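One structure is given below, encoded as structure tokens.
Sequence lines set the chain letters: A, B, ... in the order given, protein chains first and strands last, and positions in each chain run from 1. Here the structure is a predicted model, which means the values were calculated and not measured.
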2 protein chains.
Amino acid sequence: MFSFVEENYLKAIYHLSDHGRKSVSTNSLAEEMQTTAASVSDMVAKLSKKKAVDYQKYKGVNVSGKGKEVALRVIRKHRLWEVFLVDKLKFHWDEVHEIAEQLEHIKSPLLISRLDEFLDFPKHDPHGDPIPDENGIFSTVKKVALTELELNTPAQVVAVNDSSSAFLKYLDKVGVSIGTKLKVEDTNEFDGSLDIIINQQKALTISQTAAQNILVANI
Amino acid sequence: MFSFVEENYLKAIYHLSDHGRKSVSTNSLAEEMQTTAASVSDMVAKLSKKKAVDYQKYKGVNVSGKGKEVALRVIRKHRLWEVFLVDKLKFHWDEVHEIAEQLEHIKSPLLISRLDEFLDFPKHDPHGDPIPDENGIFSTVKKVALTELELNTPAQVVAVNDSSSAFLKYLDKVGVSIGTKLKVEDTNEFDGSLDIIINQQKALTISQTAAQNILVANI
DNA sequence: TGTAGTGTTTAGATTCGTCTAAAAAAAATA
DNA sequence: TATTTTTTTTAGACGAATCTAAACACTACA
């Protein structure tokens with residue numbers, strides 16, 4: 001139905017359009033796909049003919065219903081494989097993207113449902129991004145920055161806003177990762193820093209800047 | 001270095017040449033690859049220019065040292081993924097080939113070494129075929145028919161001689177599959193049947209005919 | 001509101017893997 | 001050995017995805 005390359009275009013359009021909310025320019029898509037505007041024009045016309053995107057010349061492009069379905073299926077596979085690589089094969093969360101880019105194109109619905117089960121139906125990938133279910137539905141846990149979390153409310157880290165390697169290294173050092181359970185014990189008004197308890201044991205103070213970049217959900 | 005398609009050709013040549021022992025005709029390769037002789041001629045010329053095969057016009061083709069390396073790497077990946085699908089994702093051994101055909105082309109040496117470790121360094125795939133190591137070396141376990149196994153010697157099922165569905169169904173029913181650990185407790189001289197212990201617990205008597213078709217290796 | 005500048009599309013070419021049809025070489029047979 | 005049959009290769013073309021260069025369409029500002 002859709003080639004490897006077409007799937008990648010649909011995924012990119014879906015991302016750049018902010019989940020289908022705004023149309024995507026040829027140039028931005030060209031940059032995302034590491035190719036030329038001319039190639040993008042060609043491919044978008046092709047996807048339009050296949051009814052996978054809505055497209056009018058010079059007016060930008062967006063995924064259609066069908067295109068969104070394809071994009072979500074690929075995203076689901078990508079994120080499930082990332083969970084596999086980190087949880088089962090002990091990869092670090094910042095080394096899995098490239099491999100998942102390849103694995104996401106393996107065609108076998110049964111494989112994916114078995115993998116989902118094997119991984120115990122994860123709702124988030126190792127970066128905290130939500131994994132759509134087989135119908136393309138994201139689980140609707142509300143994510144808030146750690147700075148917004150109420151005092152003494154248990155929560156779980158589900159994502160980060162800053163994925164720079166400096167920040168990820170810092171999180172590693174203090175023992176925070178996706179899935180870490182924590183609560184905020186106190187806030188220090190003079191600099192906005194937070195006193196938190198990690199996994200009901202380790203006490204730690206983190207800066208306001210760090211806390212703004214850690215997203216948590218209630219548990 | 002080598003495309004998806006080139007890898008498949010090298011694998012097919014390696015197989016048809018009986019592990020590089022005899023040269024492969026254009027027509028047989030065309031049949032194996034489900035394509036035309038003309039396409040094979042083109043591709044073989046291309047692989048020859050890349051020094052992956054030894055080829056002289058009208059004289060057939062065979063893998064070169066480099067080509068054999070590529071083929072063995074692909075075969076290793078294919079068989080490791082098959083083990084993963086059967087052991088971890090609970091696929092039946094006759095449903096994994098198609099999916100492994102796709103997975104075998106994922107490029108990441110680290111992924112494969114991690115997978116190998118995760119699967120506990122299997123030496124055989126679910127069909128009993130040996131898995132080459134990272135240097136392309138097959139483990140040289142001696143396979144013997146179960147009828148030849150010494151009494152009370154622990155061994156592991158590595159292959160079957162008869163892959164008729166009747167025999168496979170029988171094996172399923174009695175709980176014997178590739179990888180099953182067993183030993184022979186006693187032989188019954190009057191009909192050649194064997195009393196065996198499966199996985200150090202289940203006792204079972206099997207006919208001489210069945211035992212001749214089960215290949216085991218010492219462990 | 002006309003025009004310079006930016007963004008986008010079209011035209012034409014290239015590489016990869018494939019095809020059909022035809023030519024050439026090897027093998028089989030008389 | 002000469003001729004027929006089979007196998008293999010070559011020639012030329014095609015679709016997919018890409019590219020560069022050139023034409024075209026929008027936009028922004030003088």
Side-chain angles (χ1 to χ4, degrees), chain A residues 1-14 16-17 22-64 66-67 70-71 74 101-102 104-107, chain B residues 1-14 16-17 22-64 66-67 70-71 74 101-102 104-107:
Chain A
M1 197 67 182
F2 289 95
S3 74
F4 188 103
V5 174
E6 289 168 337
E7 284 187 349
N8 281 337
Y9 268 89
L10 289 171
K11 192 174 54 137
I13 294 166
Y14 180 77
L16 291 176
S17 70
K22 55 181 200 255
S23 87
V24 176
S25 74
T26 301
N27 267 351
S28 62
L29 191 48
E31 193 186 352
E32 176 80 9
M33 298 299 293
Q34 304 265 61
T35 183
T36 61
S39 303
V40 169
S41 259
D42 288 350
M43 179 54 77
V44 159
K46 189 177 154 202
L47 288 170
S48 178
K49 208 158 72 185
K50 289 177 101 168
K51 309 261 184 243
V53 297
D54 299 323
Y55 168 58
Q56 284 174 272
K57 279 185 200 170
Y58 298 103
K59 303 282 180 180
V61 65
N62 211 334
V63 288
S64 70
K66 197 206 262 180
V70 173
V74 174
E101 283 290 305
Q102 299 179 59
E104 74 188 8
H105 300 291
I106 303 293
K107 277 164 185 53
Chain B
M1 196 64 179
F2 289 94
S3 74
F4 189 103
V5 174
E6 288 168 337
E7 284 187 349
N8 281 337
Y9 269 89
L10 290 171
K11 191 174 56 139
I13 294 166
Y14 179 78
L16 291 176
S17 70
K22 56 180 200 257
S23 86
V24 176
S25 75
T26 301
N27 266 352
S28 63
L29 191 48
E31 192 185 353
E32 174 81 9
M33 299 299 293
Q34 304 264 61
T35 183
T36 62
S39 302
V40 168
S41 258
D42 288 350
M43 179 54 77
V44 159
K46 189 178 154 201
L47 287 170
S48 178
K49 206 159 72 184
K50 290 176 102 168
K51 309 260 184 245
V53 297
D54 299 323
Y55 169 59
Q56 283 175 272
K57 279 185 201 172
Y58 299 102
K59 302 282 180 182
V61 65
N62 210 334
V63 288
S64 70
K66 198 207 263 180
V70 173
V74 174
E101 282 290 306
Q102 299 180 58
E104 74 189 7
H105 300 291
I106 303 292
K107 279 166 184 55

| field | Spacing of B:M33 atom CE relative to C:dC19 atom P, expressed in whole Å | value | 10 Å
| Under a 4.5 Å cut-off applied to non-hydrogen side-chain atoms, are A:V74 and A:F2 in contact? | no
| Roughly, in whole Å, what's the span from CG in A:N8 to C1' in D:dT18? | 15 Å
| field | Under-4.0 Å side-chain N/O to phosphate OP1/OP2 contact, B:S39 with C:dC19 | value | yes
| request: Determine whether B:V44 and B:T26 make a side-chain contact, defined as any pair of heavy atoms from C-beta on separated by less than 4.5 Å. | output: no
| query | When the distance from NZ of A:K59 to P of C:dG7 is rounded to whole Å, what number comes out? | reply | 17 Å
| Under 4.0 Å: is that the gap between some side-chain N or O of B:T35 and OP1 or OP2 of C:dC19? | yes
| So does A:Y58 get a side-chain nitrogen or oxygen closer than 4.0 Å to the phosphate oxygens (OP1/OP2) of D:dA23? | no
| query | Side chain of A:A38: nearest nucleotide among C:dT20, C:dT8, D:dA21? | reply | D:dA21
| Phosphate oxygens OP1/OP2 of D:dT8: is one of them under 4.0 Å from a side-chain N or O of B:Y55? | no
| message | Please determine whether the number of non-hydrogen atoms from other residues, nucleotides or ligands lying under 6.0 Å from atom NZ of A:K107 exceeds 12. | response | yes
| query | Think A:S41 has a side-chain N or O under 4.0 angstrom from the OP1 or OP2 of C:dT9? | reply | yes
| Under-4.0 Å side-chain N/O to phosphate OP1/OP2 contact, B:T26 with D:dT9 | yes
| note | When rounded to whole Å, the CG to C1' distance for the pair B:D42 and C:dC19 reads 10 Å
| query | Rounded to the Å, how far apart are B:L29 CG and C:dT18 P? | reply | 11 Å
| message | Under 4.0 Å, counting only non-hydrogen atoms across every strand here, what does A:F4 touch: a base, just sugar-phosphate, or nothing? | response | nothing
| query | Do any side-chain nitrogens or oxygens of B:T36 fall under 4.0 Å of OP1 or OP2 in C:dC19? | reply | yes
| query | Expressed in angstrom and rounded to an integer, what is the separation of B:E6 atom CD from C:dT18 atom C1'? | reply | 14 Å
| Below 4.0 Å: OP1/OP2 of C:dT8 and any side-chain N or O of A:N27 | yes
| field | Donor-acceptor pair, side chain of B:N62 and main chain of B:K22, under 3.5 angstrom | value | yes
| field | Residue met sooner reading DNA chain D from 5', once A:K57 and A:Y9 are mapped to nucleotides | value | A:Y9
| field | Separation of atom CE in A:M43 from atom P in D:dC19, rounded to whole Å | value | 11 Å
| remark: Value for CG (B:L47) from CG (B:D54), rounded to nearest 0.5 Å, stands at 11.5 Å
| note | To the nearest angstrom, the CD-P distance between A:Q56 and D:dA25 comes to 15 Å
